[in-house]
Amino acid sequence: MDDAAERRFREFVETRSVALMRLAYLLAGGDQHAAEDLLQTALAKTAARWGSVDNPEPYVRRTMYRQQVSNWRRTRRRRETQVGVLPDRAGLDAASAVDLKLTVRTALARLTPKQRAVLVLRFFEDLPEAEVARILGCGVGTVRSTTHRSLARLRELAPELNALEPEEARR
């Protein structure tokens with residue numbers, strides 16, 4: 001990589017790393033170290049092909065999705081962490097908004113990696129079903145059924161989310 005290309009790559013990393021790290025964190029199920037590894041691997045792969053990458057952000061995101069799918073296929077067992085029941089909430093203030101985020105994060109971490117990926121791609125990345133299917137290498141029907149089962153499992157893991165008003169749930 002020549003000096004100008006290296007400078008462009010460094011500028012890209014500096015400007016987009018926060019957003020990419022957020023995505024990696026969600027894909028890794030809230031594991032900060034795994035998210036850092038995922039992003040670092042994707043950036044290393046991008047740096048190796050920097051000269052032929054026209055639009056780097058979609059390339060890095062796609063690389064992270066594919067890398068995470070590869071990680072899931074290695075089938076390593078994880079133990080579930082039991083959490084206590086959170087108290088009922090009448091509305092969302094600053095503290096309860098943080099509680100809600102932690103509840104969602106914990107529930108997402110307890111989903112299977114495939115379920116988590118489908119939900120992140122569909123609802124965080126706001127991708128259409130066909131795009132999610134293409135990224136994950138499966139059919140649109142699989143994405144639909146996995147989304148349905150994932151949301152049902154999320155409701156089981158965090159029943160307090162069902163009690164939220166639609167306006168609160170969007171936050």
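No hydrogens, no waters, no symmetry mates; every other heavy atom, side chains included, goes into these values. Residue numbers run from 1 in the order of the sequence given.
- To the nearest 0.5 Å, atom OG1 of residue T63 and atom CG of residue L38 are 9.5 Å apart.
- For R10, the side chain to side chain donor-acceptor pair (under 3.5 Å) test picks out E6, with sequence neighbours left out.
- Pairs engaging residues 112-152 under the ring-ring contact (aromatic ring centres under 6.0 Å, His included) rule: none recorded [sequence neighbours left out].
- Using a 4.5 Å heavy-atom threshold, the side chains of T146 and Q115 count as touching.
- To the nearest 0.5 Å, atoms CG (L43) and CE (M21) are separated by 10.5 Å.
- Listed here is the closest heavy atom pair of V143 and R122: CG1-CD, 4.3 Å.
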Expected list for residues 130-139: side-chain donor-acceptor pairs under 3.5 angstrom, two or more places apart:
unit_1 : atom_1 : unit_2 : atom_2 : d
E131   : OE1    : R134   : NE     : 3.4
E131   : OE2    : R134   : NH2    : 2.6

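- In this structure, E36 CD and T41 OG1 are separated by 11.5 Å, a value rounded to the nearest 0.5 Å.
- Atom CG of L20 sits about 5.0 Å away from atom CZ of F12, to the nearest 0.5 Å.
- Applying the ring-ring contact (aromatic ring centres under 6.0 Å, His included) test to F9 and every residue at least two apart in sequence or in another chain returns W50.
- Note that CG of L39 and CG of L27 are 10.5 Å apart. Values are rounded to the nearest 0.5 Å.
- In this structure, T142 and K114 approach most closely via the heavy-atom pair CG2-NZ, 3.6 Å.
- Its side chain within the 4.5 Å cluster rule, Y59 clusters with V53 among the Ile, Leu, Val, Met, Phe, Trp and Tyr residues.
- Every residue meeting the salt bridge (charged side-chain N to carboxylate O under 4.0 Å, His left out) condition with R16, not counting sequence neighbours, appears here in chain and number order: E57.
- Summarising the local packing, CG of D3 is surrounded by 12 or fewer heavy atoms from other residues, nucleotides or ligands at distances under 6.0 Å.
- Annotation: side chain to side chain contact (heavy atoms under 4.5 Å, CB included) contacts of A44 (sequence neighbours excluded): none.
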Given L157 and L111, is the side-chain contact (heavy atoms from CB on, under 4.5 Å) satisfied, shown in steps?
CA-CA 9 Å; L157 294 171; L111 294 176; 4.0 Å; yes
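- Partners of E156 by side chain to side chain contact (heavy atoms under 4.5 Å, CB included), not counting sequence neighbours, listed by chain and number: R153.
- When all heavy atoms are compared, the tightest approach of M64 to A24 is SD-CB, 3.8 Å.
- Listed by chain and number, the residues in a side chain to side chain donor-acceptor pair (under 3.5 Å) with E125 are R61, Y65 (sequence neighbours excluded).
- Listed by first and then second residue, the salt bridge (charged side-chain N to carboxylate O under 4.0 Å, His left out) pairs that reach into residues 135-147 are E129-R144, sequence neighbours excluded.
- Between atom CG of residue L108 and atom OG1 of residue T103 there is a gap of 11.0 Å, rounded to the nearest 0.5 Å.
- What you find for Q68 and A28 is that their closest heavy atoms are NE2-CA, 4.2 Å.
- Residues passing the side chain to side chain donor-acceptor pair (under 3.5 Å) test with K45 are Q67, sequence neighbours excluded.
- Residues passing the salt bridge (charged side-chain N to carboxylate O under 4.0 Å, His left out) test with R49: none are found, sequence neighbours excluded.
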